[in-house]
Amino acid sequence: MRFESLLSLVLAALIFGMFAISDFYLLGLTREYYLLITMRIVVVSLCLLLAFIIARWGGYSHKAWLHAMPLWIFATGIILIVPLRPESLSTQVTAVVVAIMAFYLLIPNLLTVVTFASFYLSTGFLVSAVLFAEIAPVETLRLALLLVMTNVVGFCTLLRLEGLQRKQFSLLHEERDRNHQLLKEIAHRKSLEEQLRMVAERDALTGLNSRSHFMKRAEALLQSSRLEKAPFCLLMIDVDHFKSINDTWGHSHGDWVLTEISEVCTLSLRPKDVIGRFGGEEFVVALPDTGLGDALIVAERLRTKVSELPIKEEMSELCLSVTIGIAIAHSEDVDLKALIMRADQALYVGKRDGRNRVVMCRKGMDDG
């Protein structure tokens, strides 16, 4: 709005000033001409000054009076032309009608301001025409009716434009609200999808990979290791005497044990290793780029870390331990489930032999 007002004001000032050329051809270098040119210079200068002020500080919401001042300046200038050039009244009538319509059409959203300025221009012009052009009563009546009609048409046009603008703004605001609501719904849906993904991929108690998500990640690591001909080992971890922990101290203490063990295991593994809760008190670990010797070191470290876990005071008589089975993938292995089964077999050998130990299983060799 500020830019449109600035542009309209500059153009109107330039057009008003250009009429000095026609004044010169009609009046020549006469007293009336000098008065007219002085008046035009004053009007143009004031309008350009106001244009600069509007460009810097003029805002419709707080300074509507600033946008009204040019209208009153132009109206005063047009009215003063009548006493200086009374013989040009017929052409001035056209100029007044055009000016009134321009007031209404080029100054949007200021209906009250424009109406008062147009009324001032119409009344002042009619009074000047009667006093200085000495028009007949009939011509006065015709001129008054013309000005009234011009103001009515301009007023109704601007009123309709403002109504359309308000409706457009309301529709735009409604569309923005809908878009904002849609964005909120999209964000909410993404949040729900993320939560569902977390539920599907993470174990609720320990925060480790769920069984299905572990199988997916471990399968990808196994395939990659096979393509790169890199070693790949799998650990099956079982908490010893876990049923007696639940029976003696309750499931809440059993959950605490599982949480502590999962945290110890996570902190003891590399970022590229994958650990998941396989079910109940069992955990499974995929070790890419890891040979059997290194896997044995990792498993012994996990077993030792678990045995060193601080125990709650009411569980002081508990000796926490885990049994771990290790299986290594050979080049002819194609199935992750078969590898898990071999690690599980090694695990049960360890449990049968007294628990709290690490047992290795090699394909083609006896368990142990």
Should [X] and [Y] be regarded as members of a common hydrophobic cluster, given that ILVMFWY residues are connected when their side-chain heavy atoms come within less than 4.5 Å of each other, either directly or indirectly?
X: Leu205; Y: Val285; result: yes
X: Met341; Y: Leu222; result: no
X: Leu296; Y: Ile275; result: yes
X: Leu141; Y: Val130; result: no
X: Val44; Y: Ile41; result: yes

- Evaluation steps, side chain to side chain contact (heavy atoms under 4.5 Å, CB included), between Cys265 and Ile261: CA-CA 6 Å; Cys265 293; Ile261 292 176; 4.1 Å; yes
Taking [atom1] in [X] as the centre, count heavy atoms belonging to other residues, nucleotides or ligands within less than 6.0 Å. Is the count above 12?
X: Lys351; atom1: NZ; value: yes
X: Phe116; atom1: CZ; value: no
X: Arg270; atom1: CZ; value: yes

Are side-chain heavy atoms of [X] and [Y] found at a separation under 4.5 Å?
X: Ile324; Y: Val359; value: no
X: Phe278; Y: Met215; value: yes
X: Val349; Y: Arg352; value: yes
X: Phe283; Y: Leu258; value: yes
X: Arg342; Y: Leu339; value: yes
X: Arg142; Y: Val138; value: yes
X: Leu29; Y: Tyr34; value: yes
X: Phe125; Y: Leu143; value: yes

- Task: Name all residues meeting the ring-ring contact (aromatic ring centres under 6.0 Å, His included) criterion together with Phe119; count only those two or more places apart in sequence or in a different chain, and write none if there are none.
- Result: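 None.
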Sub-3.5 Å donor-acceptor pair from the side chain of [X] to the main-chain atoms of [Y], do we have one?
X: Ser128; Y: Gly124; result: yes
X: Arg277; Y: Asn209; result: no
X: Ser244; Y: His241; result: yes
X: Thr259; Y: Asp255; result: yes
X: Ser224; Y: Ala220; result: no

Give me the atom names and distance for the closest heavy-atom approach of [X] to [Y].
X: Ala343; Y: Ala327; answer: N-CB, 3.6 Å
X: Gly350; Y: Arg357; answer: O-CD, 3.6 Å
X: Gly325; Y: Ala346; answer: CA-CB, 3.9 Å
X: Pro288; Y: Ala286; answer: CD-O, 3.4 Å
X: Ile326; Y: Leu292; answer: CG2-CD1, 3.8 Å
X: Phe232; Y: Ala218; answer: CZ-O, 4.1 Å

- Query: Could you walk me through whether His180 and Lys184 pass the side chain to side chain contact (heavy atoms under 4.5 Å, CB included) check?
  - Reply: CA-CA 6 Å; His180 181 67; Lys184 288 178 62 177; 3.7 Å; yes
- Task: Answer yes or no: is there an ion pair linking Arg178 with Glu174, defined by an N-O contact shorter than 4.0 Å?
- Result: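 A salt bridge is present here (some side-chain N lies under 4.0 Å from a carboxylate O).
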- In plain terms, say whether Glu300 and Arg303 are close enough for a salt bridge, that is, a side-chain N and a carboxylate O under 4.0 Å apart.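 Here Glu300 pairs with Arg303 in a salt bridge, since their nearest N and O are under 4.0 Å apart.
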Distance only, no hydrogens: is a donor on one side chain within 3.5 Å (strictly under) of an acceptor on the other, for [X] and [Y]?
X: Asn151; Y: Ser122; value: yes
X: Thr206; Y: Asp203; value: yes
X: Arg226; Y: Gln223; value: yes

Side-chain donor-acceptor pairs of residues 308-321 under 3.5 Å, sequence neighbours excluded:
from: Glu314; atom 1: OE2; to: His253; atom 2: NE2; distance (Å): 2.9
from: Ser316; atom 1: OG; to: Glu313; atom 2: O; distance (Å): 3.4
from: Ser321; atom 1: OG; to: Asp240; atom 2: OD2; distance (Å): 2.7

To the closest 0.5 Å, what do you measure between [atom1] ([X]) and [atom2] ([Y])?
X: Leu147; Y: Leu121; atom1: CG; atom2: CG; answer: 8.0 Å
X: Arg217; Y: Leu336; atom1: CZ; atom2: CG; answer: 13.0 Å
X: Asp238; Y: Met236; atom1: CG; atom2: CE; answer: 8.0 Å
X: Leu35; Y: Ile37; atom1: CG; atom2: CD1; answer: 11.0 Å
X: Leu235; Y: Thr290; atom1: CG; atom2: OG1; answer: 9.0 Å
X: Arg160; Y: Leu164; atom1: CZ; atom2: CG; answer: 5.0 Å

- Message: Connecting only ILVMFWY residues whose side-chain heavy atoms lie within less than 4.5 Å of each other, what is the rest of Leu192's hydrophobic cluster?
- Response: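 So far as hydrophobic clustering goes, Leu192 is joined with none.
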- Remaining members of Ile186's ILVMFWY cluster at a side-chain heavy-atom cut-off under 4.5 Å?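 Leu182, all in the cluster of Ile186.
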- Take Leu302 and Val322, measure what side chain to side chain contact (heavy atoms under 4.5 Å, CB included) needs, and give me the verdict at the end. CA-CA 9 Å; Leu302 292 179; Val322 293; 5.9 Å; no
Side-chain atoms of residues 75-82: list all donor-acceptor pairs with protein atoms under 3.5 Å, sequence neighbours left out, distances to 0.1 Å.
from: Thr76; atom 1: OG1; to: Trp72; atom 2: O; distance (Å): 2.7
from: Thr76; atom 1: OG1; to: Tyr120; atom 2: OH; distance (Å): 2.9

- Query: What pairs of residues pass the salt bridge (charged side-chain N to carboxylate O under 4.0 Å, His left out) test when at least one of them lies in residues 281-297, not counting sequence neighbours?
  - Reply: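 Non-adjacent pairs meeting salt bridge (charged side-chain N to carboxylate O under 4.0 Å, His left out): Lys272-Asp289.
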